[in-house]
> 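Quick one: structure below, then a few questions.
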Number of protein chains: 2
Amino acid sequence: MITKKSKYAIKALIYLAKQEKMKPVLIEEISTEERIPKKFLEAILLDLRKAGILGSKKGKGGGYFLLKPADEINMAEVMRIFDGAIALVPCVAHRYYEPCEECIDEITCPIREVFRVIREQTVATLKDNTFAVLLEKEKKLRRYRK
Amino acid sequence: MITKKSKYAIKALIYLAKQEKMKPVLIEEISTEERIPKKFLEAILLDLRKAGILGSKKGKGGGYFLLKPADEINMAEVMRIFDGAIALVPCVAHRYYEPCEECIDEITCPIREVFRVIREQTVATLKDNTFAVLLEKEKKLRRYRK
DNA sequence: TGTATAATCTATTATTATAGTAGGGTAATA
DNA sequence: TATTACCCTACTATAATAATAGATTATACA
């Protein structure tokens, strides 16, 4: 399961992607609109800034804003920031590789291949979903609802 | 990430699938051969028995054995026993459905669809991998190694 | 230049899940 | 009928998650 941090981060980024470009948005506003605990959101936005996804401005008229266009940010990179590896076992992770500690022989491990395939499928799907795509999906869903 | 319980369960089942059919294997033997803490393994095998995957026999000559042929047991059902839902968010889980507690509106949630696709891909891959398939894979990997 | 504003940093805490361990009880079989 | 091996209950250590509290720093603007 994905963590709340990842989910909150995705929600906050969708909210920011809807804004006028580069216009800073208050933590307070995102917190209220998306119902995310303010202090918790603070830490999340800070991580997104450190990862180079968001920019920030202090003082009056300050806030957070996207540093890149919405079609250049995808769900895979966001989830990796907060949840680490996307793979279900560390031995097939791409950026967070580690041998499975209980593994006797990685080379002949038959389940490794299975989890490698799953990781590739999952990463591909997450990468396809940029925040531009997510905005489009939300628009469509809202139309169908009416 | 998958839990150790799931990994140990898969390893134990592979070990049992290699045995002469219906011949009970001691917990002690599986524990030693697969390097799984014995007491921990006991609980795992018990869960597999309660799930109808394994049978057991007490007393001398007893032990655990597969109740079904290896091609009728797959990784998805095993992982569900120990890790619960395979989905990355509860709102797209098949057998363990729950609304996401922080979700404002499930109908217009754009990430739900993404995680639904990922769940379907993952489950399909896990289901393809029956324990008969895993045994075949292991054989192949051993051949290539030499 | 001062002050309100808003992000940033440092610490602490509650809760839950994981990964075991300990020790005895119970049932089947030679 | 003693042995063998499964079965059950309870406990514990560690780590991760999901927060909260309070002090600090940077910035705009009057």
Side-chain angles (χ1 to χ4, degrees), chain A residues 1-12 16 23-32 34-51 53-65 67 79 81-85 88-90 96 98 100-103, chain B residues 1-12 16 23-32 34-51 53-65 67 79 81-85 88-90 96 98 100-103:
Chain A
M1 290 271 172
I2 194 182
T3 59
K4 285 202 176 184
K5 270 197 175 179
S6 271
K7 278 198 234 174
Y8 287 154
I10 292 167
K11 285 181 176 227
L16 287 171
K23 197 194 162 193
V25 180
L26 298 184
I27 294 178
E28 182 71 43
E29 180 182 336
I30 305 172
S31 163
T32 307
E34 298 296 330
R35 297 186 205 170
I36 305 170
K38 195 189 164 191
K39 276 290 186 180
F40 199 37
L41 180 60
E42 271 184 39
I44 292 165
L45 295 177
L46 210 52
D47 285 342
L48 288 170
R49 195 196 57 121
K50 282 174 187 163
I53 293 172
L54 293 183
S56 68
K57 230 183 123 184
K58 286 185 182 179
K60 189 155 196 179
Y64 280 99
F65 49 90
L67 274 184
M79 284 175 59
I81 294 168
F82 298 100
D83 294 1
L88 294 174
V89 286
Y96 298 89
E98 267 183 75
C100 293
E101 50 176 309
E102 73 290 340
C103 188
Chain B
M1 289 272 174
I2 194 181
T3 59
K4 286 203 175 184
K5 271 198 176 179
S6 271
K7 279 198 230 174
Y8 287 154
I10 292 167
K11 284 180 177 227
L16 288 171
K23 197 194 161 194
V25 180
L26 298 185
I27 294 179
E28 183 71 44
E29 180 182 336
I30 304 172
S31 163
T32 307
E34 297 296 331
R35 297 187 205 168
I36 304 169
K38 195 189 163 191
K39 278 289 186 181
F40 200 37
L41 180 60
E42 269 185 41
I44 292 165
L45 296 176
L46 209 53
D47 285 343
L48 288 170
R49 197 195 57 118
K50 282 175 188 162
I53 292 172
L54 294 183
S56 67
K57 224 183 128 183
K58 287 184 181 179
K60 193 156 195 179
Y64 279 101
F65 50 90
L67 273 185
M79 285 174 58
I81 293 168
F82 298 100
D83 293 3
L88 294 175
V89 287
Y96 299 88
E98 268 182 75
C100 293
E101 51 175 307
E102 72 290 340
C103 188

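Below, chains carry the letters A, B, ... as their sequence lines are ordered, and counting in each starts from 1. Since we're looking at a predicted model, the values are computed, not measured.
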> Can you list the residues that meet the side-chain contact (heavy atoms from CB on, under 4.5 Å) rule with Ile27(B), with sequence neighbours excluded?
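For Ile27(B) the side-chain contact (heavy atoms from CB on, under 4.5 Å) partners, ignoring immediate neighbours, are Lys38(B), Leu41(B), Glu42(B), Leu45(B), Tyr64(B).
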> Roughly, in whole Å, what's the span from CZ in Phe65(A) to C1' in dA6(C)?
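It is 13 Å, rounded to the nearest whole Å.
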> Going by side-chain hydrogen bond (donor to acceptor under 3.5 Å, both in side chains), name the residues that satisfy it together with Glu34(B), two or more places apart in sequence or in a different chain.
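In terms of side-chain hydrogen bond (donor to acceptor under 3.5 Å, both in side chains), with neighbours along the sequence ignored, Glu34(B) is linked to no residue.
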> State the SG-CD distance between Cys103(A) and Glu98(A), to the nearest 0.5 angstrom.
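One gets 13.0 Å once the value is rounded to the nearest 0.5 Å.
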> Starting at atom CG of Leu54(B), determine the distance to atom C1' of dC6(D), rounded to an integer number of angstrom.
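Whole-Å distance recorded here is 13 Å.
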> Report the residue from Leu46(A), Leu48(A), Asp47(A) that forms a side-chain contact (heavy atoms from CB on, under 4.5 Å) with Ile44(A).
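Testing each of Leu46(A), Leu48(A), Asp47(A) against Ile44(A), the sole residue satisfying side-chain contact (heavy atoms from CB on, under 4.5 Å) is Leu48(A).
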> Can you measure Met1(B) atom CE to dT17(D) atom P for me and round it to whole angstrom units?
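Between P of dT17(D) and CE of Met1(B): 11 Å.
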> How long is the line joining CD of Glu101(B) and P of dT17(D), in whole Å?
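From Glu101(B) CD to dT17(D) P: 15 Å.
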> Can you list everything that forms a side-chain contact (heavy atoms from CB on, under 4.5 Å) with Leu67(A)? Sequence neighbours excluded, please.
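Listed in chain order: Phe65(A).
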> Are any side-chain N or O atoms of Ser31(A) and backbone N or O atoms of Pro37(A), one a donor and one an acceptor, separated by less than 3.5 Å?
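Absent.
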> Provide, to the nearest angstrom, the distance between the NZ atom belonging to Lys57(A) and the C1' atom belonging to dA28(D).
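So the two atoms are 8 Å apart, to the nearest Å.
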> Take atom NZ of Lys38(A) and atom C1' of dG22(D), then tell me their distance rounded to the nearest Å.
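That distance rounds to 13 Å.
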> Reckon Gly61(B) touches a base, only the sugar-phosphate, or nothing at all at heavy-atom distances under 4.0 Å?
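Result for Gly61(B) = nothing.
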> Shorter than 3.5 Å, N or O on both sides, protein versus nucleotides 12-15 of chain C: list them out with atom names.
none

> Identify, with sequence neighbours excluded, every residue that meets side-chain hydrogen bond (donor to acceptor under 3.5 Å, both in side chains) alongside Lys4(A).
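Checked Lys4(A) against side-chain hydrogen bond (donor to acceptor under 3.5 Å, both in side chains); matches are Glu101(B).
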> With sequence neighbours excluded, what pairs up with Ser6(A) under the side-chain contact (heavy atoms from CB on, under 4.5 Å) test?
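side-chain contact (heavy atoms from CB on, under 4.5 Å) list for Ser6(A), sorted by chain: Ile2(A), Thr3(A), Met79(A), Phe82(A), Asp83(A).
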> Output one line per pair: protein atom, nucleotide atom from nucleotides 18-20 of chain C, and distance, for all N/O pairs under 3.5 Å.
residue: dA19(C); atom: OP2; partner: Lys4(B); partner atom: N; Å: 3.0
residue: dG20(C); atom: OP2; partner: Tyr8(B); partner atom: OH; Å: 3.2

> Please name all residues satisfying side-chain hydrogen bond (donor to acceptor under 3.5 Å, both in side chains) with Glu102(B), sequence neighbours left out, ordered by chain then number.
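side-chain hydrogen bond (donor to acceptor under 3.5 Å, both in side chains) list for Glu102(B), sorted by chain: Lys7(A).
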> List in chain and number order the residues that pass ring pair (Phe, Tyr, Trp, His ring centres under 6.0 Å) with Phe40(B), two or more places apart in sequence or in another chain; answer none if no residue qualifies.
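Phe40(B): ring pair (Phe, Tyr, Trp, His ring centres under 6.0 Å) contacts with Tyr8(B).
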> Summarise how protein sits on nucleotides 7-12 of chain D as a single string, 5' to 3': B when a protein heavy atom is under 4.0 Å from the base, S for sugar-phosphate-only contact, - for no contact.
BB----
> State, to 0.1 Å, how close Gly63(B) and Pro24(B) come at their nearest heavy-atom pair, and which atoms those are.
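Here Gly63(B) and Pro24(B) meet closest at N-CB, 3.6 Å.
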> Separation of Leu41(A) atom CG from dT20(D) atom P, in whole Å?
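In whole Å, dT20(D) P lies 12 Å from Leu41(A) CG.
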